[in-house]
Amino acid sequence: MFTDEYFMKMALQEAQNAFDEDEIPVGCVIVSNDRIIAKAHNLTETLNDVTAHAEMQAITSAANFLGGKYLINCTLYVTLEPCVMCCGALNWAQISKVVIGARDEKRGFISKNLTLHPKTEIVTGILENECGEIVKEFFKNKR
């Protein structure tokens, strides 16, 4: 049986890929029936595109895999709380569950009092310390 922690570790590997590419280290995976159908990390610097967040990349990849725009019966595991833009995309995709590692008090959708689709379950705090540490380390190196 796979756990939220197991899939969050996969998302953390994606965040490490972003870190290694000098991207803000956010990673995510989308799971359907205990199978990873999409994985992604931030690519905003690489693609010179402000919309190239990990979640946006993964949503597109998962929709292509499934052959449709809705991510019903899918779970997104993401290392950092999604921003307002990603919240909107996840809402439109009608994803069933979102599992968040670390909260983003400045830019996260929860701190902005936004919600996802009414049927979307939200879980926070999975591997929170590890997910928060990689972001802190990234910005510490930038300063």
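Heads up: numbering here begins at 1 and tracks the sequence.
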Going by heavy atoms in the side chains, are Q94 and T120 under 4.5 Å from each other? no
Can you tell if the side chain of V26 reaches within under 4.5 Å of the side chain of H53, non-hydrogen atoms only? no
Trace of the side chain to side chain contact (heavy atoms under 4.5 Å, CB included) decision for L127 with Y77: CA-CA 11 Å; L127 300 183; Y77 293 86; over 6 Å; no
Minimum side-chain heavy-atom gap V98-L116 below 4.5 Å: yes
Output for pair (L43 CG, N17 CG), nearest 0.5 Å, gives 10.0 Å
Closest contact, heavy atoms only, P25 versus A15: CB-O, 3.4 Å
Counting only pairs under 3.5 Å, give me each side-chain donor-acceptor contact of residues 56-73, with atom names and distances, residues two or more places apart or in other chains.
unit_1, atom_1, unit_2, atom_2, d
T60, OG1, M56, O, 3.2
N64, ND2, T60, O, 3.3

Pairing residues for D34 by the side-chain hydrogen bond (donor to acceptor under 3.5 Å, both in side chains) criterion, not counting sequence neighbours: none
Mutual orientation of the aromatic rings belonging to F2 and F7 [parallel < 30°, tilted 30-60°, perpendicular > 60°]: tilted
Counting heavy atoms not belonging to N48, are there more than 12 under 6.0 Å from its CG? no
Would you kindly confirm whether F138 and V78 end up in one hydrophobic cluster when ILVMFWY residues are joined by side chain heavy atoms under 4.5 Å apart? yes
Find the distance between NZ (K97) and CD (E121) and round it off to the nearest 0.5 Å. 4.5 Å
Closest non-hydrogen atom pair, G108 against S111: O-OG, 2.7 Å
Apply side chain to side chain donor-acceptor pair (under 3.5 Å) to D20 and Q16, showing your working. CA-CA 6 Å; D20 294 344; Q16 185 62 53; 2.8 Å; yes
Is the closest side-chain heavy-atom distance between I110 and K112 below 4.5 Å? no
Value for CG (N42) from CD (E55), rounded to nearest 0.5 Å, stands at 7.0 Å
Distance in Å, L12 CG paired with C131 SG, rounded so as to fall on 0.5 Å steps: 4.0 Å
Nearest heavy-atom contact between A40 and A54 is CB-O, 3.4 Å
For L114 and C87, work out which heavy atoms get closest and say how close. CB-SG, 4.2 Å
Rounded to the nearest 0.5 Å, how far does CD of E14 lie from CD of E23? 12.0 Å
Is the shortest heavy-atom distance from the side chain of I95 to the side chain of H117 under 4.5 Å? no
Is there a side-chain contact between S96 and T75, using heavy atoms and a 4.5 Å cut-off? no
Given 3.5 Å as the limit, does a donor-acceptor pair link the side chain of T79 with the main chain of G27, or not? yes
Given the rule in the side chain to side chain contact (heavy atoms under 4.5 Å, CB included) test, do C74 and S32 qualify, once you have shown the distances and angles that lead to the verdict? CA-CA 5 Å; C74 293; S32 177; 3.9 Å; yes
Would M8 and E130 count as a side chain to side chain contact (heavy atoms under 4.5 Å, CB included) if you check the C-alpha gap in whole Å, the side-chain angles of each, and the deciding distance to 0.1 Å? CA-CA 10 Å; M8 188 61 76; E130 296 92 325; over 6 Å; no
Side-chain contact test, heavy atoms from C-beta onward, threshold under 4.5 Å: evaluate it for I100 versus F109 and give yes or no. yes
Could you state the interatomic distance from CD1 (I122) to CG (L76), rounded to the nearest 0.5 Å? 11.0 Å
Could you check whether any side-chain N or O of E81 sits under 3.5 Å from a backbone N or O of E105, counting only pairs where one atom can act as donor and the other as acceptor? no
Consider only side-chain heavy atoms of I, L, V, M, F, W and Y, link residues closer than 4.5 Å, and tell whether V84 and I24 are in one cluster. yes
Would you say the side chain of Q13 lies within less than 4.5 Å of the side chain of V29, judging by non-hydrogen atoms? no
